Structures are given as structure tokens and as C-alpha cells.
Peer 1: 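Structure below; questions to follow.
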Amino acid sequence: MRTIEQYLPEHPFFAGLDTGALAIVCGCATNVSFAPGEFLFRQGQPANQFFVIRRGRVALQIHGPAVGTMVVDTADAGDVVGWSWLVPPYHWLFDARAVEPTGAVSFDGECLRGKCEEDPRLGYQLMKSVSQVMLSRLTAARVRLLDVYGKANSVSPLLSPLLAEAEATWARPRQAGATHPGATNAGATNAEPG
Amino acid sequence: MPSLAERQGTQPVGALVPRLFRVANRRQDTADTFTMMLEPLDGVALDFVPGQFTMLAAFGVGQVPISVSSDAMVDGPLCHTIRDVGPVTHALSRTSVGDVVGVRGPYGTGWDVAGGENLDVVLVAGGIGLAPLRPAMLEVLHHRQRYGRVVLLYGTRSPEDVLFADELKRWENLGVEVLITVDYGTPAWDGRVGLVTTLIKRAGFDPHSSLALVCGPEVMMRFTATALIERGVRPERVRVSLERNMRCGVGLCGHCQYRELFICLDGPVLPYARVADLLGTREL
């Protein structure tokens with residue numbers, strides 16, 4: 001397996017960094033491994049790291065009283081996991097769980113934050129790279145909210161408990177005589193090309 | 001009961017007259033998707049090319065355009081894999097073995113799989129879009145030596161919605177690279193979660209010598225085609241299968257008109273380069 005110093009310069013996430021900046025980043029990095037079921041981090045805990053996955057798979061999951069535990073994304077080899085280390089209040093918003101035997105490079109977020117404060121150029125480069133990851137994940141989340149594989153008028157499973165709650169809230173005044181638009185059911189043919 | 005044409009000894013005239021097919025078998029694929037296997041009452045098989053569709057009639061309810069999902073190169077029942085989403089598909093979902101349905105067609109253009117000979121073939125399916133791609137995959141596998149690497153990228157809503165699960169494993173065993181992702185997973189799902197477009201960078205194909213066949217919801221096809229082209233696939237080698245509200249299937253009624261195109265005649269399979277600007281046009 002290549003060393004961290006060999007691996008990171010080839011990774012697109014670090015493409016904008018010069019040799020000196022790369023050396024700083026490598027100084028904050030260590031190789032880590034996780035067994036299936038082991039957590040890289042847990043929702044609500046302090047976010048002091050991020051990871052570049054070298055092998056295996058990590059599931060990003062979220063909990064809610066209505067939805068239980070739902071896997072909202074996975075990260076495979078080459079993917080970057082975690083941006084909460086860079087944005088106050090530095091707490092994880094999701095769980096990250098190894099699905100397979102997983103190897104990763106772990107970066108000390110506190111160490112890197114300090115280096116970024118000292119060297120704004122490094123900070124700007126890293127912020128640009130993290131922004132790319134955030135943008136792609138945000139875009140993916142927005143597209144999935146369209147629920148393109150669902151039936152007409154269906155909603156994302158993540159939204160349905162919230163809508164059910166809203167529906168219940170709406171239903172109360174309706175029972176008292178208020179009007180309620182209700183759900184339409186557009187006549188759809190088979191959703192796919194025919 | 002014999003049809004009026006049979007009783008009077010006349011032949012059906014015109015492309016709008018449905019032929020009668022008996023439901024020979026039926027399979028429930030997922031909670032809302034099923035496959036009907038049909039046999040012609042007159043014993044004459046319906047020849048089609050992968051990618052074409054038929055107008056399936058539930059008598060007394062209506063007709064819907066459904067792509068054929070069976071193997072075009074093997075004699076056997078005519079298969080349609082259908083999602084129960086509206087009155088006609090619901091009526092079809094309630095049919096039993098022995099019931100009779102109407103079939104018109106086949107209509108429209110096919111995938112032209114042979115156009116990918118000597119190339120890598122990348123099939124990208126979204127949701128039930130896997131069904132119209134199945135005959136294309138089977139054609140490639142019948143002539144495996146004529147093609148390079150074969151890749152199937154499949155995105156669907158949840159693990160429970162994965163179609164043809166056994167067949168996907170069989171294709172994998174035949175050397176097809178099969179990558180699956182779902183929009184939402186439970187902790188028990190150990191596969192990928194995310195958009196089907198994320199699979200494009202992971203798949204092992206040479207984008208500069210690949211044919212890509214894409215079928216799924218329009219939004220998915222637009223993002224997928226863009227990602228394929230970004231990776232290096234030539235736009236004229238990306239084919240998509242469009243869906244519009246079809247009625248006659250033969251270009252007469254205009255229901256499926258898409259600016260200058262009649263999807264029932266010019267499509268459903270079209271080069272992405274020809275429709276890219278249409279797909280980006282609002283309310284068209």
C-alpha cells in the first residue's frame with residue numbers, strides 16, 4: 001500500500017495544494033481502519049476529523065423518531081467523508097458506519113484548522129475542496145428529494161414522516177369545518193418509456 | 001369466444017386493431033411492479049427489436065405504451081414488466097393466467113445495440129427503466145464476443161425496488177460489471193446509496209469507445225447523459241428512451257409530439273445529442 005505522502009498528491013481533493021501545503025496536510029494525517037459495524041463518528045459528537053476512504057464502504061446515516069435509522073449516502077474508495085470539522089460548532093450531523101472492512105486516511109481537523117488560521121492560502125484551498133464535496137452531496141440530496149423513481153405525487157421517504165405530521169396538523173381544523181385541498185392523484189400511465 | 005373478425009372470416013385491418021394475447025404467466029417483481037408473459041391467440045409471435053414498445057390494452061379500461069422486456073432473440077412469451085401506477089396498469093396488474101389482453105405494435109425505434117459492436121457498452125437504468133434495457137443486455141450477451149466491456153449501472157429507489165435481482169447476479173457471473181445504488185437504504189443494506197450518476201466515474205469502461213444506453217426518468221437521464229459526456233463518451237453515442245403520453249402509436253394523433261418529434265415514431269429511443277436541448281426546455 002502506498003504511503004500517505006504518495007497517495008494524497010494524486011487525490012483530486014488535494015489537487016490545488018502545493019508541495020509545502022501538502023506536507024502540512026500529510027503531517028496531520030494517519031492511516032486508520034474500521035471493521036464492519038464500527039463507527040467512524042457518531043451524530044452529535046465533536047467533529048475533529050475528516051476521512052479519505054482508501055478501501056471499503058462507509059454508510060452515512062441519520063436517526064429520527066419517525067424514520068428510525070436511514071442510510072442517506074455511502075462513501076467508497078476515493079470519497080471524502082466529513083466537513084463538519086471545518087464549520088462551527090464542529091459537531092457531526094450524521095453517523096458514519098463502516099459497512100465493509102474499511103481503510104481510510106484520517107485527518108486531525110483541530111490540527112488542520114490551526115494550520116488554516118495561520119496560513120489563509122492553505123485554508124482557502126482546503127475550503128474550496130471541501131466546498132466541492134459539500135456541493136456534490138447537496139446536489140445529490142436535492143435531486144433525491146424529487147423522488148424521481150417514486151409514483152406521481154409521491155414524496156421522498158425522508159420527507160413523508162414530516163408531511164404526515166403536517167397532514168395531521170391540517171386535519172384538525174378541517175374536522176372543525178375548515179377546507180382542506182387534499183391530495184390529487186394525477187392519472188399517470190406507466191412511469192417509464194413505453 | 002371467437003372475435004368478430006374470426007366469426008366473419010375477415011382479417012383485422014390497420015395498425016390500430018389490437019391482437020389478442022393470453023396471459024400465460026405472471027410474476028410479481030416488487031410490491032408495485034409485475035411481469036406479464038403473453039402468448040398470441042393466433043399463434044403468430046410478435047417480432048420486435050430491443051427498445052420497442054407495444055400498446056397494451058386492458059379491455060374496457062384503456063391502453064398504455066409499455067416497452068417489451070423479453071428476449072428478442074429467443075422464441076417464447078412476450079414479456080412486459082409493468083409498474084402499477086394508473087387505471088390501465090392497475091387493471092393489467094389484476095389479470096390472471098388465462099385472461100386476454102390486447103396488444104398493438106411493436107412500435108418505435110430500438111436501441112440499435114449492434115451499433116455498439118467493437119465498443120464497450122454501458123447501460124444505465126433508473127427505476128423501472130431497467131425493463132426496456134433488459135432486451136438490449138440480452139442481445140449483447142447473445143453476441144458477447146462482438147462487444148468490449150459491458151457495464152450496467154442501476155439506480156433505484158430502495159433495496160426493495162431492485163428489479164430482476166436474480167438476473168443481475170447471472171449477468172454479473174457472465175462478466176458484466178453490475179453496479180447498483182439506491183436512493184435510500186436501511187442499515188441492513190450493505191450496497192451503495194446515492195445517485196446513479198456517482199457510479200459513472202467508478203465503472204470500468206473506456207469512455208472514448210463506448211456506446212451508452214440510458215433509460216429512466218427524464219431528470220435522471222439528463223444528469224446521466226451529462227455525466228457520461230463529461231467522462232468522455234461522445235454525445236452521439238449516448239442514447240436515451242423518452243416517454244410521452246402516447247395514444248395511437250403510429251404518429252397520427254399527436255399526443256406524443258415533442259416539438260418536431262413524434263416519440264412513438266421517431267422514438268422512444270433517440271440519440272441524446274438530438275434531444276439534449278429539448279430536455280432542458282421548460283414546459284415542452
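Note that the coordinates shown come from a computational prediction; the quantities given were computed from them, not determined experimentally. Below, chain A is the first sequence line, B the second, and so on; all start at residue 1. Only heavy atoms go into these numbers, but all of them, side chains included; no hydrogens, no water, no symmetry mates.
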Peer 1: Can you say whether B:Phe223 sits under 4.5 Å from chain A via the side chain, the backbone, both, or neither, judging by heavy atoms?
Peer 2: side chain
Peer 1: If you count the non-hydrogen atoms of other residues, nucleotides and ligands that lie under 6.0 Å from CD in A:Glu117, is the total more than 12?
Peer 2: no
Peer 1: In terms of heavy-atom pairs under 4.5 Å with chain A, which of B:Met220, B:Glu218, B:Arg202 leads?
Peer 2: B:Arg202
Peer 1: Using a 4.5 angstrom heavy-atom cutoff, name the option from B:Val182, B:Val68, B:Thr156 with the most pairs to chain A.
Peer 2: B:Thr156
Peer 1: Using every non-hydrogen atom in the two residues, find where B:Pro217 and A:Val148 come nearest and quote the distance to one decimal.
Peer 2: CG-O, 3.4 Å
Peer 1: At a heavy-atom separation under 4.5 Å, does A:Val71 approach chain B through its side chain, its backbone, both, or neither?
Peer 2: both
Peer 1: Heavy-atom distance under 4.5 Å to chain A: side chain of B:Val219, backbone, both or neither?
Peer 2: side chain
Peer 1: From A:Arg142 CZ over to B:Leu195 CG, what is the distance, rounded to the nearest 0.5 angstrom?
Peer 2: 13.0 Å
Peer 1: Who wins among B:Ala131, B:Gly108, B:Gly155 for the most heavy-atom pairs under 4.5 Å with chain A?
Peer 2: B:Gly155
Peer 1: Is there a side-chain contact between B:Val193 and A:Arg144 in this structure, where contact means two heavy atoms from C-beta onward sitting under 4.5 Å apart?
Peer 2: yes
Peer 1: If you apply the rule salt bridge (Lys or Arg N to Asp or Glu O under 4.0 Å), what do you find for A:Asp76 with B:Lys201, and how did you get there?
Peer 2: CA-CA 12 Å; A:Asp76 286 7; B:Lys201 66 178 179 188; over 6 Å; no
Peer 1: OH of A:Tyr124: more than 12 outside heavy atoms within 6.0 angstrom?
Peer 2: no
Peer 1: Dump the intermediate steps for side chain to side chain contact (heavy atoms under 4.5 Å, CB included) on A:Tyr149 and B:Val196, then the final yes or no.
Peer 2: CA-CA 12 Å; A:Tyr149 305 131; B:Val196 72; 4.2 Å; yes
Peer 1: Under the criterion salt bridge (Lys or Arg N to Asp or Glu O under 4.0 Å), I'd like the reasoning laid out for B:Asp190 against A:Arg57: C-alpha separation, chi angles, the key distance, then a yes or no.
Peer 2: CA-CA 8 Å; B:Asp190 61 2; A:Arg57 176 167 302 148; 5.7 Å; no
Peer 1: Is A:Arg137 in contact with chain B via its backbone, its side chain, both, or neither, using a 4.5 Å heavy-atom distance?
Peer 2: neither
Peer 1: Count the heavy-atom pairs under 4.5 Å between each of B:His90, B:Arg192, B:Met55 and chain A, then report the option with the highest count.
Peer 2: B:Arg192
Peer 1: Tell me, side chain or backbone of A:Ala140 under 4.5 Å from chain B's heavy atoms, or both, or neither?
Peer 2: both
Peer 1: Counting only heavy atoms not in A:Gln132, do more than 12 sit closer than 6.0 Å to its CD atom?
Peer 2: no
Peer 1: With rounding to the nearest 0.5 angstrom, report the OH to CG distance, B:Tyr184 to A:Asp147.
Peer 2: 5.5 Å
Peer 1: Between A:Asp73 and B:Gly194, what is the shortest heavy-atom contact and its length?
Peer 2: OD1-CA, 4.1 Å
